[in-house]
*Asks:* 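For reference, the structure I am asking about is given below.
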Amino acid sequence: DNNVLTLSLPENLSVDNLLVTVTAVEQGGGLQETTEFRVTVQPVNDQPRIVGDGIPDQVFDEDSGAWNIADLDDVFTDIEGDELQYVLEVPEPLEASLDENNLLTLSSPLDFFGENLRISVTAEEVESRLSVSLEFTLTINPVNDPPRLTGDGIADREYVEDRGPW
């Protein structure tokens, strides 16, 4: 009605020198006019994205070893396929590591437990530095440990009968 032509492309689609043909036809099928023009849509580097819901909150028991959390290549993606690097932030005394396949592993010292420990993971494009971050919580449940003797224990003793208390 307004004689306006609108072109729409799917998100993240760039085109180079796309030929567009427009034909105007008079109502009733009479006269018509055709024109052509070319359209170029330049690509824009998008920041990385989180896949799905990212990393869910995690719960483990203390002293249960290192915990494999997620393959970060399955958690983050880059629409242009740019190389990503990862930055991890974990509260002390937790330790985080990434192996050569970007598997995130967390660990804690023996007998450590805690609730709502916030873990932050940032995916960053190596060249452009565009980034996206996610956060999840870790709860490490306490486990009732058996009692332990400290030091050298109790040394052997020798007493004379009927001369107590000892």
Side-chain angles (χ1 to χ4, degrees), residues 1-25 27 32-145:
D1 288 336
N2 295 338
N3 296 322
V4 175
L5 174 65
T6 302
L7 300 175
S8 298
L9 292 173
E11 184 178 10
N12 294 311
L13 179 66
S14 58
V15 294
D16 186 28
N17 212 22
L18 174 69
L19 179 63
V20 177
T21 303
V22 178
T23 302
V25 179
Q27 284 186 339
Q32 70 179 28
E33 179 72 27
T34 300
T35 188
E36 295 180 339
F37 61 95
R38 297 198 175 270
V39 173
T40 298
V41 177
Q42 299 291 332
V44 174
N45 190 10
D46 297 304
Q47 73 181 48
R49 294 184 180 182
I50 299 169
V51 176
D53 293 330
I55 300 175
D57 292 344
Q58 305 286 310
V59 178
F60 298 100
D61 289 334
E62 79 174 66
D63 303 337
S64 59
W67 310 293
N68 292 331
I69 303 300
D71 180 341
L72 296 185
D73 293 333
D74 294 335
V75 175
F76 297 96
T77 188
D78 185 80
I79 194 77
E80 295 88 19
D82 294 332
E83 181 182 356
L84 299 177
Q85 62 186 9
Y86 301 102
V87 178
L88 310 171
E89 294 180 34
V90 299
E92 290 185 18
L94 297 179
E95 292 186 9
S97 64
L98 287 175
D99 69 8
E100 64 278 356
N101 296 314
N102 292 318
L103 176 64
L104 171 59
T105 301
L106 297 175
S107 61
S108 69
L110 286 176
D111 299 322
F112 176 80
F113 59 91
E115 293 182 2
N116 298 319
L117 304 164
R118 295 198 180 283
I119 314 297
S120 174
V121 182
T122 299
E124 180 179 77
E125 288 183 3
V126 173
E127 287 188 33
S128 71
R129 305 309 242 195
L130 292 171
S131 65
V132 65
S133 296
L134 66 75
E135 215 177 64
F136 66 95
T137 61
L138 172 66
T139 296
I140 304 173
N141 294 321
V143 173
N144 190 11
D145 296 316

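Throughout, numbering of the chain's residues begins at 1 and tracks the sequence. Note that the structure is predicted; figures quoted are calculated from it, not measured.
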*Asks:* Asp61 vs Val143, test: side-chain contact (heavy atoms from CB on, under 4.5 Å). Steps then yes/no.
*Replies:* CA-CA 7 Å; Asp61 289 334; Val143 173; 3.8 Å; yes
*Asks:* Side-chain contact test, heavy atoms from C-beta onward, threshold under 4.5 Å: evaluate it for Leu106 versus Leu94 and give yes or no.
*Replies:* no
*Asks:* Hey, are the side chains of Ile119 and Ile55 touching, using non-hydrogen atoms and a 4.5 Å cut-off?
*Replies:* no
*Asks:* With sequence neighbours left out, which residue pairs that include part of residues 51-73 fulfil the ring-ring contact (aromatic ring centres under 6.0 Å, His included) condition?
*Replies:* Phe60-Trp67
*Asks:* Find out whether Val121 and Val75 are in side-chain contact, i.e. whether some heavy atom of one side chain is under 4.5 Å from a heavy atom of the other.
*Replies:* no
*Asks:* Run the side-chain hydrogen bond (donor to acceptor under 3.5 Å, both in side chains) test against Asp71 and tell me which residues pass, sequence neighbours left out.
*Replies:* none
*Asks:* May I have the list of side-chain donor-acceptor pairs in residues 45-54 shorter than 3.5 Å, sequence neighbours left out?
*Replies:*
{"unit_1": "Asn45", "atom_1": "ND2", "unit_2": "Glu125", "atom_2": "OE1", "d": "2.8"}
{"unit_1": "Asn45", "atom_1": "ND2", "unit_2": "Ser128", "atom_2": "OG", "d": "3.4"}
{"unit_1": "Arg49", "atom_1": "NH2", "unit_2": "Glu11", "atom_2": "OE2", "d": "3.2"}

*Asks:* Check side-chain hydrogen bond (donor to acceptor under 3.5 Å, both in side chains) between Ser120 and all other residues, then give those that pass, not counting sequence neighbours.
*Replies:* none
*Asks:* Nearest 0.5 Å, please: how far is CG in Leu138 from OG in Ser108?
*Replies:* 8.0 Å
*Asks:* Say you draw a straight line from CG of Leu18 to CG of Leu7; how long is it, rounded to the nearest 0.5 Å?
*Replies:* 8.0 Å
*Asks:* Mind checking the CD-CD1 spacing from Glu62 to Ile140? Nearest 0.5 Å is all I need.
*Replies:* 8.5 Å
*Asks:* Can you list the residues that meet the side-chain hydrogen bond (donor to acceptor under 3.5 Å, both in side chains) rule with Asp111, with sequence neighbours excluded?
*Replies:* Arg148
*Asks:* For Glu80, enumerate each residue passing the salt bridge (charged side-chain N to carboxylate O under 4.0 Å, His left out) test, keeping only those at least two apart in sequence or located in another chain.
*Replies:* none
*Asks:* For residues 82-93, tabulate all N or O donor-acceptor pairs below 3.5 Å that involve a side-chain atom, not counting sequence neighbours.
*Replies:*
{"unit_1": "Gln85", "atom_1": "NE2", "unit_2": "Glu124", "atom_2": "OE1", "d": "2.6"}
{"unit_1": "Tyr86", "atom_1": "OH", "unit_2": "Leu72", "atom_2": "O", "d": "3.4"}
{"unit_1": "Tyr86", "atom_1": "OH", "unit_2": "Asp73", "atom_2": "OD1", "d": "3.0"}

*Asks:* Would you compute the distance between atom OG1 of Thr105 and atom CG of Asn68 and round it to the nearest 0.5 angstrom?
*Replies:* 4.0 Å
*Asks:* For Ser107, enumerate each residue passing the side-chain hydrogen bond (donor to acceptor under 3.5 Å, both in side chains) test, keeping only those at least two apart in sequence or located in another chain.
*Replies:* none
*Asks:* Among residues two or more places apart or on two chains, list those pairs meeting ring-ring contact (aromatic ring centres under 6.0 Å, His included) that have a residue in residues 117-137.
*Replies:* none
*Asks:* Is Asp57 close to Thr139 at the side-chain level, that is, under 4.5 Å between some pair of heavy atoms?
*Replies:* no
*Asks:* Under the rule for side chain to side chain contact (heavy atoms under 4.5 Å, CB included), what residues qualify as partners of Asp99, not counting sequence neighbours?
*Replies:* Asn101, Leu103
*Asks:* Please list all pairs meeting ring-ring contact (aromatic ring centres under 6.0 Å, His included) that have one or both residues in residues 109-130, counting only residues at least two apart or in different chains.
*Replies:* none
*Asks:* For residues 33-43, tabulate all N or O donor-acceptor pairs below 3.5 Å that involve a side-chain atom, not counting sequence neighbours.
*Replies:*
{"unit_1": "Thr34", "atom_1": "OG1", "unit_2": "Thr23", "atom_2": "OG1", "d": "3.2"}
{"unit_1": "Glu36", "atom_1": "OE2", "unit_2": "Thr21", "atom_2": "OG1", "d": "3.4"}
{"unit_1": "Arg38", "atom_1": "NH1", "unit_2": "Asn17", "atom_2": "O", "d": "3.2"}
{"unit_1": "Thr40", "atom_1": "OG1", "unit_2": "Asn17", "atom_2": "N", "d": "3.0"}

*Asks:* Taking everything shown except Glu95 itself, do over 12 heavy atoms lie less than 6.0 Å from its CD?
*Replies:* no
